[in-house]
2 protein chains.
Amino acid sequence: MRKDSRLSRMLHVLIHMNQLDAPATSEKIASMLNTNPVVVRRTMAGLRDKGYVTSVKGHGGGWSLVMALSDITLLDIHNALGESSVFTIGLSDEHTSCPIEIAVNQAISDVLIEAEALLLERFREVTLDVLAAGFADYPLNQQASSGE
Amino acid sequence: MRKDSRLSRMLHVLIHMNQLDAPATSEKIASMLNTNPVVVRRTMAGLRDKGYVTSVKGHGGGWSLVMALSDITLLDIHNALGESSVFTIGLSDEHTSCPIEIAVNQAISDVLIEAEALLLERFREVTLDVLAAGFADYPLNQQASSGE
DNA sequence: TATTAAATAACATCATAAGTTACATGAAAT
DNA sequence: ATTTCATGTAACTTATGATGTTATTTAATA
């Protein structure tokens, strides 16, 4: 089943953006992600609507972070991307009045709700600066990160 | 994103099969699920390979439960369906040596692993007879369930 | 006013799950 | 024996939804 890697990609982009002093154009972000500027705009639009980044048109324009990485959690970005459910597992709906279908769906749904609650709670506990700090620990980038 | 309702559907089918005294044909199961006999065979094949059901060709043939519902858990059927991951969330892999990508993916992966472990544990705790019992409690089916 | 870059609509491509057709295998009824 | 019924499986088609692309508009700076 298809995977949605937008969360991973956007986190990656945001942390890189934090290290820049000028806005990043959709073009640059796209080439970094091996994708297309329009796809970048489409995805970043959700983050802009929630206030995590801004976009500026014209010369010197592009995308910029609005707040510190320490003020953004994985959950924030996850929510901003607006994916309905994190699970590939769905419920049947052929016989919505069949008590067996109801019992089965209720059981599955209970589990999905609990697991999703845990996942969202964990996402809420991680801020982006922590991920950037993990990056600073990486040997190859000691000098680059010490300059930040 | 697309949902996989095979778990829900198969559980539904297995509990109904438990109430029958003759094998259920792929045709019958398919019409119950508003789908196609070949799709049913394809899906049930996984359950057969794990020993939860048998299939018999020819006259009077079809699919039968091999064991009691109390011996089958949601996890058993989930595993038998052979879906790799329960999450729609995936990781990026454009820059596998970029320490930021690594840190981001590690953080997401940690959360997914923990949430999936919880989900599988909960699936492991539920046997199909419990779902069938929930069905027995349902007012409309008091008489049907008392005859079982 | 020319250039740069986002905003957005409309359309095309691609991946993959589900559905379908066709034929082979095997078991039971006649 | 032969017909019928039902699964097994390969090969192909369809449907869906995300991603990618093109084209045009809007707005900001050089």
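Quick note on labels: first sequence line is chain A, next is B, and so on, each numbered from 1. For clarity, every value in this text was computed on a predicted model and none was experimentally measured.
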>> Run the side-chain contact (heavy atoms from CB on, under 4.5 Å) test on Thr127(A) and Leu69(A) for me, step by step, so that the C-alpha distance in whole Å, both residues' side-chain angles and the decisive distance to 0.1 Å come before the verdict.
In response: CA-CA 7 Å; Thr127(A) 54; Leu69(A) 293 183; over 6 Å; no
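When the P atom of dT19(D) is taken as reference, atom CE of Met10(A) falls 10 Å away, rounded to whole Å.
Between the side chain of His12(B) and the backbone N or O of Glu94(A) there is no donor-acceptor pair closer than 3.5 Å. Of the possible donor and acceptor atoms, one in the side chain of Ser31(B) sits under 3.5 Å from a partner among the backbone N and O of Lys28(B).
Atoms CG and CG, from Leu47(B) and Leu81(B) in turn, are 5.5 Å apart once rounded to the nearest 0.5 Å.
For the residue pair Ser26(A)/Trp63(A), the side-chain donor-acceptor check at 3.5 Å is satisfied. Between the side chains of Arg9(B) and Ser92(A), no donor N or O sits under 3.5 Å from an acceptor N or O. Remark: the Thr88(B) side chain and the Asp4(A) side chain contain no N/O donor-acceptor pair separated by less than 3.5 Å. A donor-acceptor contact under 3.5 angstrom links the side chains of Thr73(B) and Asp76(B), judged on distance only.
From the 5' end on, the contacts that DNA chain C makes with chain A at under 4.0 Å to a non-hydrogen atom open and close at dT3(C) to dA17(C).
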For nucleotides 6-10 of chain D, tabulate all protein N/O to nucleotide N/O atom pairs closer than 3.5 Å, reporting atom names and distance.
unit_1: dA6(D); atom_1: O4'; unit_2: Gly58(B); atom_2: O; d: 3.3
unit_1: dT7(D); atom_1: OP1; unit_2: Ser26(B); atom_2: N; d: 2.7
unit_1: dT7(D); atom_1: OP1; unit_2: Ser26(B); atom_2: OG; d: 3.2
unit_1: dT7(D); atom_1: OP2; unit_2: Ser26(B); atom_2: OG; d: 3.4
unit_1: dT7(D); atom_1: OP2; unit_2: Arg41(B); atom_2: NH2; d: 3.1
unit_1: dT7(D); atom_1: O3'; unit_2: Ser55(B); atom_2: OG; d: 3.4
unit_1: dG8(D); atom_1: OP1; unit_2: Arg48(B); atom_2: NH1; d: 2.3
unit_1: dG8(D); atom_1: OP1; unit_2: Ser55(B); atom_2: OG; d: 2.7
unit_1: dG8(D); atom_1: OP2; unit_2: Arg48(B); atom_2: NH1; d: 3.0

